[in-house]
Structure formats: structure tokens, C-alpha cells
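Below you'll find the structure, written out as C-alpha cells, and then a few comments.
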Amino acid sequence: QVQLVESGGGLVQPGGSLRLSCAASGIAVRLYVMGWYRQAPGKQRELVARITRGSSTSYADSVNRRFTISRDNAKNTVSLQMNSLKPDDTAVYYCNAESLNGYTYWGQGTQVTVSS
């Protein structure tokens, strides 16, 4: 059974930092394209960051230079380091895995709130 479990969300002041983690079971993250998405109330789900099997990374323009996605193959986890957080970063953040066959898996989400 495949499971993706996010952790690390919470309340943080503008300008602060958080590190999100996605723990995978049932799949090896090194064999998947792993991504972080977010969804704020009333808004469309948005791709935040992605890392390929070859460790190429990409970011949404809104988070580029502030967020960093990484993968730890030994722990079978992916992380999202979030720096210089802004109120507009407030959303539920979801971990996503895509296989070469087109299968997609989602985590349950973790809430990130940036507020003073």
C-alpha cells in the first residue's frame, strides 16, 4: 500500500522559515517525480516545487529563490525548505508522487499559516 505522509506545517511569522517533510511508504521516492503542491481557500491547486528522478528541480515563480525541494533516498523522504515566508504562502501543502506509468499519489496535506 502506498502512503505519503506530510509533516512540519504550522504557524509562522512573516519572514520566518519552515521545513516540510514527506515520508513515503510502498514506493521508493528516487523512482518517482516528487512534488509539493499547495491550495489556499478559493484558489486552484498550485505546483510549488518538483524534483525528478535525475534530481532536476523546478519551482513556481512565486517561491523561486525562497523554497528548496530535496530528496533523501536513505530515509525515503522528500522535503521542502521554506524561507522568507509571506502571508501569500498560507495554504495546505500536499506531497505528490508521479510514476513513469502515470500513477499519481497524494498525501493528506499539512497546513502552513504565515501571519503576524
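Side chains are part of it too, since the values below use all heavy atoms of this structure and drop only hydrogens, waters and symmetry mates.
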Group every Ile, Leu, Val, Met, Phe, Trp and Tyr by side-chain heavy-atom contacts under 4.5 Å, then state whether [X] and [Y] land in the same group.
| X | Y | value |
| --- | --- | --- |
| Val78 | Val5 | no |
| Tyr59 | Val33 | no |
| Tyr103 | Leu4 | yes |

N/O donor-acceptor pair under 3.5 Å between [X] side chain and [Y] backbone:
| X | Y | value |
| --- | --- | --- |
| Asn76 | Asn73 | no |
| Gln111 | Gly10 | no |
| Gln39 | Lys43 | yes |
| Arg71 | Thr52 | yes |

Can you check whether [X] reaches [Y] side chain to side chain, under 4.5 Å on heavy atoms?
| X | Y | result |
| --- | --- | --- |
| Arg53 | Leu100 | yes |
| Val114 | Val112 | yes |
| Trp36 | Glu6 | yes |
| Ile69 | Arg50 | no |

[X] side, atom [atom1]; [Y] side, atom [atom2] - distance, nearest 0.5 Å:
| X | Y | atom1 | atom2 | value |
| --- | --- | --- | --- | --- |
| Asp89 | Lys86 | CG | NZ | 7.0 Å |
| Gln1 | Gln3 | CD | CD | 5.5 Å |
| Phe67 | Asn83 | CZ | CG | 8.5 Å |
| Leu11 | Ser115 | CG | OG | 6.5 Å |
| Met34 | Ser55 | CE | OG | 12.5 Å |
| Ser70 | Ile51 | OG | CD1 | 7.0 Å |

Open item on the list: Can you confirm whether Arg66 is buried at CZ, in the sense that more than 12 heavy atoms of other residues, nucleotides or ligands lie under 6.0 Å from that atom?
Closed with: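 Counting other residues, nucleotides and ligands, CZ of Arg66 exceeds 12 neighbours.
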Task: Gln108 atom CD, over 12 foreign heavy atoms within 6.0 Å - done: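 Enclosed: over 12 neighbouring heavy atoms sit under 6.0 Å from CD of Gln108.
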Output side-chain donor-acceptor pairs under 3.5 Å for residues 19-28, partner residues at least two apart or in another chain, one line each.
from: Arg19; atom 1: NH1; to: Gln81; atom 2: OE1; distance (Å): 3.2

Open item on the list: On a heavy-atom basis, which atom in Ala49 and which in Leu80 lie closest, and how many Å separate them?
Closed with: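 Looking at all heavy atoms of both residues, the shortest contact is CB-CD1, 4.0 Å.
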Open item on the list: Using every non-hydrogen atom in the two residues, find where Ser62 and Arg38 come nearest and quote the distance to one decimal.
Closed with: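 Closest approach of Ser62 to Arg38, heavy atoms only: OG-NH2, 3.3 Å.
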- [ ] Test Asp72 against Thr77 for side chain to side chain donor-acceptor pair (under 3.5 Å), laying out the working first.
- [x] CA-CA 5 Å; Asp72 188 327; Thr77 61; 4.9 Å; no
Task: Apart from Val92 itself, residues in the same hydrophobic cluster as defined by side-chain heavy atoms under 4.5 Å - done: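 Reading the cluster by chain and number, Val92 sits alongside Tyr37, Leu47, Tyr94, Trp106.
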TODO: Mind checking ring-ring contact (aromatic ring centres under 6.0 Å, His included) for Tyr32 and listing every partner two or more places apart, or none if nothing turns up?
DONE: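 Counting only residues at least two positions away or on another chain, Tyr32 forms no ring-ring contact (aromatic ring centres under 6.0 Å, His included).
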